[in-house]
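Below, read A as the first sequence line, B as the second, and so on, with proteins coming before strands; counting in each chain starts at 1.
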There are 2 protein chains.
Amino acid sequence: MKHYTIKDIAKKLNVSVSTVSRAFNDKYDIKKETKALILKTAEEMGYMPNPIAKKLSQKRSLNIGVVVPEFINEYYSEIVIALQEFLILKGYQVLVMQSDENEDLELMNAQTLISNMVDGLIVAPTTGNRNMKYYQDRIKDGYPIVFLNRIEESVPVSKVVFNNLKWSFFATEHLIRQGYKKIYHLSGYKDLSVSYERVQGFKKAMNKHNFPKENYKIIETGLLAKEGMEVIEDLIFNHDIPDAFFCVNDMVALGAIKKLKENGYAVPKDVAFVGFTETRIAELMSPPLSSVKQPTYDMAKKAAELLLKRIEDENAPIETIVMNGEFNIRQSSVKNKAVL
Amino acid sequence: MKHYTIKDIAKKLNVSVSTVSRAFNDKYDIKKETKALILKTAEEMGYMPNPIAKKLSQKRSLNIGVVVPEFINEYYSEIVIALQEFLILKGYQVLVMQSDENEDLELMNAQTLISNMVDGLIVAPTTGNRNMKYYQDRIKDGYPIVFLNRIEESVPVSKVVFNNLKWSFFATEHLIRQGYKKIYHLSGYKDLSVSYERVQGFKKAMNKHNFPKENYKIIETGLLAKEGMEVIEDLIFNHDIPDAFFCVNDMVALGAIKKLKENGYAVPKDVAFVGFTETRIAELMSPPLSSVKQPTYDMAKKAAELLLKRIEDENAPIETIVMNGEFNIRQSSVKNKAVL
DNA sequence: TAAATTTCCGAAAACGTTACCGAAAATTAC
DNA sequence: GTAATTTTCGGTAACGTTTTCGGAAATTTA
């Protein structure tokens, strides 16, 4: 199948290329019949407009670029799926790149997408923010970028974030109210904004309830099950097991629980657990894991809406949207079944 | 920051655009000093070549398109990450689209990528294969496409697949050898090639060991934990619980195990389990789940290599690569600890 | 029936590159 | 010092579209 161009159609029908172009773009004047004829023969010839040429002359692509740090955990997978689902309805296609939690790769990805003329960019930044200046320069150039998650509320850009502080506070308070006397927080990375905010929520709850300082602790881990396991090994070695853990995410909780079980601890009888950023496995675990659920779909949709607004109106204001979730209490964090 | 073009640089330095172009493309003749000067001033001006224009005139993009059915399960996430990791080293960037197990969306994605002039395409097809003709036409046009997984070995295209039959056979045989007398296979979708092949492996093992027909069964499920749970509910209702399950993947096993536990069954004491396409949670489950591990990284790498070979040499032959994995036996499928 | 409009279309420049062709400049050979 | 080479470079036509401008043809109006 040869690749036809607008010229081939023009020649075949003895019209000019501009007329053929007009047939494909509603905004120009063209007689109904010629348009129909052109579209019909184009269809027959199997002509497909070349989007590269289109982009070069129009400077828009109806493509949206998305950069996420990873999609090995289901959170960003869901985000991407939701973004795509929404944007396709609006006539856009979504190009995804993942930066593998690597700032340099993230920058490369963003540059690739921008220079491929995506009409806008949705970025979930990796840990650290060395690239922020680049993004802000692009935004100053008039380029539409919306951020998602992992970004401090104070940065003056359009963004959609989760109210980590508030829900971390709720989760912690739940453990306190259940009567647990010694509560440790397994936090993520110190320089990851979501971790930091969750730590703040944890502390806030502790302060509100005048929890004795010696009875709570914040232990930095990563975001992986393995790291949850390692922490527990240390704690067991030091005979320092509390009666409840609040974890930065479900995977860390999963790892920690496994290690505790292996060492003869019962969950939740001996040690209670709460996770965060609920994943599908939370309710499949034994015992099912209490966790804070984020409105993934809605967060993605909001981000996409913000972006489209900016694409359509260069002067749309900068907006920060803070989302709320829900706290699903399951067996892993209740003292007795009656409370359920 | 204004957007500069090659012309701006040419004007500023009083050289021709062709010279500037030459400075950026090693293959032409240009004096060392002029080249250095051009690159230097380009750098200073903040000039970035426009890849769209480049693509239009060169008809190559150094981009590779990837279409996967989903990446909510970690298998395809890992595939994408591995592809990217490998291809970036080779100077390519990877554009990912996911088709959400939808054939129409898959076709759209492929078309978008191709018309955006990715130099080649790696496709993990969705269930069903209505699009196969489209792909084969493109391949006939000389377009490099490599398939990954979920495609029948007989289709005459370049592809990398896993030896589902063989490893499904091993997994089943393991259960038989452990002495389980009644073994059910929770298969995926009937028209999903990987499911089909796993069913064949299951049957082959049964036949080899002359397993009594009334003592094994193949039950079609989906690929989700929820579906594993539903199946168990039915079986419990019918008082038809075998002493071992071989599941199409880990998630189905996870769901099934949860439901059984809720109903007072112990794993593996009352019912044993084996999963497939090992995920991170396999060894984190209680009990840890026996599962067949696929060489995800290598499969991705092989696919990328095949593709690059085709990109570089139009006449590279069609190849089918069948990969093998490993079977990790864990507590979920052993009769007594001594065997471990 | 002429004038005024409106409708339709073609020519050509533009988008930012690459790549071919030939010519000028520099180098080498004699 | 000239001829023969070799380097280096400029002009320009592509690549496949969109879009502006102007004008011819068709239609309406007077």
Can you give one letter per nucleotide of nucleotides 16-29 of chain D, going 5' to 3': B for a protein heavy atom under 4.0 Å from the base, S for sugar-phosphate only, - for none? BBBBB---------

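- B:Arg60 pairs by the salt bridge (charged side-chain N to carboxylate O under 4.0 Å, His left out) definition with nothing, not counting sequence neighbours.
- A:Lys133 meets the salt bridge (charged side-chain N to carboxylate O under 4.0 Å, His left out) test with A:Asp137; sequence neighbours excluded.
- For B:Ser57, there are no side chain to side chain contact (heavy atoms under 4.5 Å, CB included) partners, not counting sequence neighbours.
- With sequence neighbours left out, A:Tyr76 forms a ring-ring contact (aromatic ring centres under 6.0 Å, His included) with no residue at all.
- Taking five base pairs at each end of the helix from C:dT1-D:dA30 to C:dC30-D:dG1 and finding the rotation axis that steps the C1' atoms of four pairs onto the next four gives two axes whose angle is 40°, to the nearest 10°.
- Legend: residues meeting side chain to side chain contact (heavy atoms under 4.5 Å, CB included) with B:Asn73, ordered by chain and number and at least two apart, are A:Arg280, B:Glu70, B:Met251.
- Put simply, CG on B:Asn14 is 19 Å from P on C:dA24, counting in whole angstrom units.
- Between B:Phe147 and B:Tyr135, the two ring planes are perpendicular [angle over 60°; tilted spans 30° to 60°].
- Between the C1' atom of C:dG16 and the NZ atom of A:Lys55 lies a distance of 14 Å, rounded to the nearest Å.
- Every residue two or more places apart in sequence or in another chain that forms a side chain to side chain contact (heavy atoms under 4.5 Å, CB included) with B:Lys31 is listed here: B:Glu33, B:Thr34.
- For the side chain to side chain contact (heavy atoms under 4.5 Å, CB included) test, residues two or more places apart in sequence or in another chain that qualify with B:Ser115 are A:Pro51.
- Non-hydrogen atoms lying under 4.0 Å from DNA chain D are contributed by nothing in residues 30-39 of chain A.
- With rounding to whole Å, B:Asp29 atom CG is found 12 Å from C:dA19 atom C1'.
- In this structure, the ring-ring contact (aromatic ring centres under 6.0 Å, His included) partners of A:Phe24, at least two apart in sequence or on a different chain, are A:Tyr47.
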List the atom pairs, with distances to 0.1 Å, where a side-chain N or O of residues 311-319 of chain B and a protein N or O form a donor-acceptor pair under 3.5 Å, not counting sequence neighbours.
residue, atom, partner, partner atom, Å
B:Asp313, OD1, B:Asn315, N, 2.9
B:Glu319, OE2, B:Lys309, NZ, 3.0

